[in-house]
Amino acid sequence: MMEQQDQQEQQVVAKLEIPQTTAAAAELSTADADRVFDAQNVSIYYGSFRAVTDVSISIYQNEITAFIGPSGCGKTTVLRTLNRMNDLIATARVEGDVHYRGASLYAKTVSPTAVRRRIGMVFQKPNPFPKSIYENVAYGPRINGVKGKSRLDEIVEHSLRQAALWDEVKDRLSKSGLGLSGGQAQRLCIARTLAVEPDVVLMDEPCSALDPIATGRIEDLMQEIKARYTIVIVTHNMQQATRVSDRTAFFSVLRDEKPGRADTRTGVLVEYGATAQIFGDPQDERTKAYVTGRMG
Amino acid sequence: MAVTTNQSAVDLREPSGWRRAKNQFATGAMWFTFACMLVPLGFVLVTVVAKGASTITWQFLTNSTIPPNILPANIGGMGAAVVGTLEITGGAAVIAIPLGILGAVYLNEYGGNRPLARVLSFFSDVMTGVPSIVMGLFIFTIWVLHFGYSGLAGSFALACLMLPIVIRSSYEMLRLVPDSLREGSYALGATKARVTLTVVLPAAIGGIVSGALLAVARAAGETAPLLFTILTVEATNPNLFSGANTALSTQIWVNAQQPYAGAVARGWGAALTLIAIAFILMIVARLVTARFARYSR
């Protein structure tokens, strides 16, 4: 009788401890083996405009890393550098080193296609293809060579379940993906990204077009899948960063002092650390001003 | 239950005076120009139906040889010209549509600001303005003079005419495909060719097909490019690749000049048949667009 009660109490304590341990800054790994991205002195240019200057940041496995900062600080630009999406902009150029699991992302022999196959991306505006819900999810596996209906069915169901969308769409898989609500469409895009079993999921303000309920769903979803993926999220919403992320990077805009440039704004990484520390005990005055709402 | 209130009601009527007058004037002007535009269209349709409908019979549409001009309208028909128009226009479509779509894909997806893309775009715009008879002369000098008259030569001439239309309409459709779709595909590890084939083209295919069918309808009615290329004979020639051929448009041209009532009546019949073919193509274009658009809403 006594023993049973003890066990129950221990279970309750264990449950309570879970959020505490994940929130504790000391628990975050800094081991080299857990390092997914390692960017050193990265500057990113669009033509002659230097959008981002000298960013050095390490991103760790199975964590959610949030990029926050005012508009124009280059957080999306840095994010798009991590899976070479910036290659699609003809004038974009990256200086410095970006390593992904030991390989240099911008080496000449690296194929951007192979990079994006491992490092998926969810965009600000849900962008389902004008195809059926099923085809939206099956698209990635198909172009990566998965064949056979039963295998694809399995992947589609599994991905939609992971994205917490299965129950809502299982009866209308053949209907257009464009007929979904904003929140559903964004979860469809997440399912589509997960269907190719990426290593990393980059999210560029994935909830900015969604209402709070849909946002909550996607945040829960991120927590559920982070055991299997590494997630980097750009967000304008600081509450969201505190709710979901393990680490936070605060970017800001700096005036570039070099004369003769048309646009002298450039983004810099101001402070990077455990989310609890960035919001609870920011070391830089600019971070402090931003997270307390005095600026930006 | 009526809502009772002792407030004085706010005035929510259309603002009066000058603003309302301007609005009414603009609306009136719009209706007027719309009606003006309908007048010639109505005249053409009414005249062609009135003068051509009586000759249209099953025999008229399928008769294999166009009879001598002096025979009355109730004898013989334009079957040979229907076959010729379908063959020649079909051949032109097979040449011009794939080339045109590929050209548009190159311009929008691959070309960017490259010199070749700029040159292509410029010349396709120039080609749009080239008189159709010049296309006929062009094919006459480079093909007919060496290989003789044939339906194929007519197809070439019509293809020259269709090509810039197909390029332009497909290009506009591809431009409408949002970049976010391309990015979505790239982010899954797709190559550029994959993105184009599996996302961009399917998203634009409805508009591309309808643009292409409109180009076909336009080409089916062209006379000038065929004058120097198919020779316009009276007998059905099912072989597109050799021998002189015939077409509805050139038959209209030939028959309308005759002093014989029978020939002129057959000319009107051919005109009505041609309009009907163009009309059917327009309807097919609509249906195809709707069919392909089923996932886009």
Side-chain angles (χ1 to χ4, degrees), chain A residues 79-80 82-91 111-145 174-179 185 188-190 192-198 200-204 209, chain B residues 101 104-118 120-121 170 172-211 287-297:
Chain A
L79 189 79
R80 292 170 64 99
L82 299 180
N83 72 340
R84 296 197 54 171
M85 283 303 274
N86 274 338
D87 288 25
L88 301 178
I89 300 161
T91 58
S111 146
T113 309
V115 170
R116 296 184 202 122
R117 163 70 184 75
R118 285 177 182 76
I119 306 168
M121 190 161 204
V122 176
F123 298 86
Q124 184 171 358
K125 221 174 122 228
N127 58 349
F129 300 134
K131 299 174 190 286
S132 68
I133 293 170
Y134 182 97
E135 285 302 324
N136 261 282
V137 183
Y139 180 84
R142 265 194 222 279
I143 63 167
N144 288 294
S174 61
K175 294 271 160 38
S176 170
L178 301 188
L188 178 65
C189 292
I190 293 173
R192 184 175 76 186
T193 304
L194 299 184
V196 296
E197 294 179 354
V200 183
V201 179
L202 306 177
M203 296 180 147
D204 184 5
Chain B
I101 293 175
V105 165
Y106 174 77
L107 283 183
N108 196 54
E109 305 297 319
Y110 288 84
N113 221 7
R114 278 175 216 169
L116 178 60
R118 283 204 299 251
L120 256 180
S121 175
S170 306
E172 293 302 329
M173 288 301 132
L174 291 172
R175 250 165 43 112
L176 288 180
V177 176
D179 275 340
S180 63
L181 290 185
R182 294 186 181 87
E183 287 195 334
S185 179
Y186 278 124
L188 293 166
T191 58
K192 187 158 195 152
R194 285 273 191 179
V195 173
T196 306
L197 277 177
T198 57
V199 171
V200 179
L201 277 176
I205 195 70
I208 291 175
V209 169
S210 94
L287 292 178
V288 165
T289 312
R291 170 96 181 108
F292 279 119
R294 71 193 186 284
Y295 286 127
S296 38
R297 58 178 107 95

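Scope of the values below: all heavy atoms of this structure, side chains included, with no hydrogens, waters or symmetry mates.
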Non-hydrogen atoms of chain B under 4.5 Å away: do they reach the side chain of [X], the backbone, both or neither?
{"X": "A/Pro141", "value": "neither"}
{"X": "A/Met85", "value": "side chain"}
{"X": "A/Lys125", "value": "neither"}
{"X": "A/Ile119", "value": "backbone"}
{"X": "A/Phe129", "value": "both"}
{"X": "A/Ile143", "value": "both"}

message: At a 4.5 Å cut-off on heavy atoms, which part of B/Pro178 comes close to chain A: side chain, backbone, both, or neither?
response: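 For B/Pro178, no heavy atom lies under 4.5 Å from chain A.
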Ranking B/Ser185, B/Ala190, B/Ala187 by heavy-atom pairs under 4.5 Å to chain A gives rank one to B/Ala187
For B/Pro202, does its backbone N or O pair with a side-chain atom of A/Lys131 as donor and acceptor, under 3.5 Å? no
Exercise. Check whether any side-chain N or O of A/Asn127 sits under 3.5 Å from a backbone N or O of B/Ser180 as a donor-acceptor pair, and report yes or no.
Key: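 Judged by distance alone, yes, a pair lies under 3.5 Å.
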Worksheet entry | Contact winner vs chain B - A/Gly120, A/Gly140, A/Ser132, heavy-atom pairs under 4.5 Å |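 Between A/Gly120, A/Gly140, A/Ser132, the count favours A/Ser132.
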Going through the distances and angles, do A/Arg192 and B/Leu188 end up as a side-chain contact (heavy atoms from CB on, under 4.5 Å)?
CA-CA 8 Å; A/Arg192 184 175 76 186; B/Leu188 293 166; 3.7 Å; yes
Practice item. Give the intermediate values and the outcome of side-chain contact (heavy atoms from CB on, under 4.5 Å) for residues A/Asp87 and B/Tyr186. Key: CA-CA 11 Å; A/Asp87 288 25; B/Tyr186 278 124; over 6 Å; no
Next on the checklist: Can you tell me if A/Glu197 has over 12 outside heavy atoms packed within less than 6.0 Å of its CD?
Outcome noted: no
Q.
For B/Lys192, is the NZ atom crowded, meaning more than 12 foreign heavy atoms sit under 6.0 Å from it?
A. yes
Set out, in order, the CA-CA distance, both residues' side-chain angles and the distance that settles side-chain contact (heavy atoms from CB on, under 4.5 Å) for A/Arg80 and B/Glu183, then state yes or no.
CA-CA 11 Å; A/Arg80 292 170 64 99; B/Glu183 287 195 334; 2.7 Å; yes
CZ-OG1 distance between A/Arg117 and B/Thr191, expressed to the nearest 0.5 angstrom:
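So the gap between those two atoms works out to 14.0 Å.
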Show the nearest heavy-atom pair for residues A/Pro130 and B/Leu181, with the distance to one decimal.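 For A/Pro130 versus B/Leu181, the nearest heavy atoms are CD-CD1, 3.6 Å.
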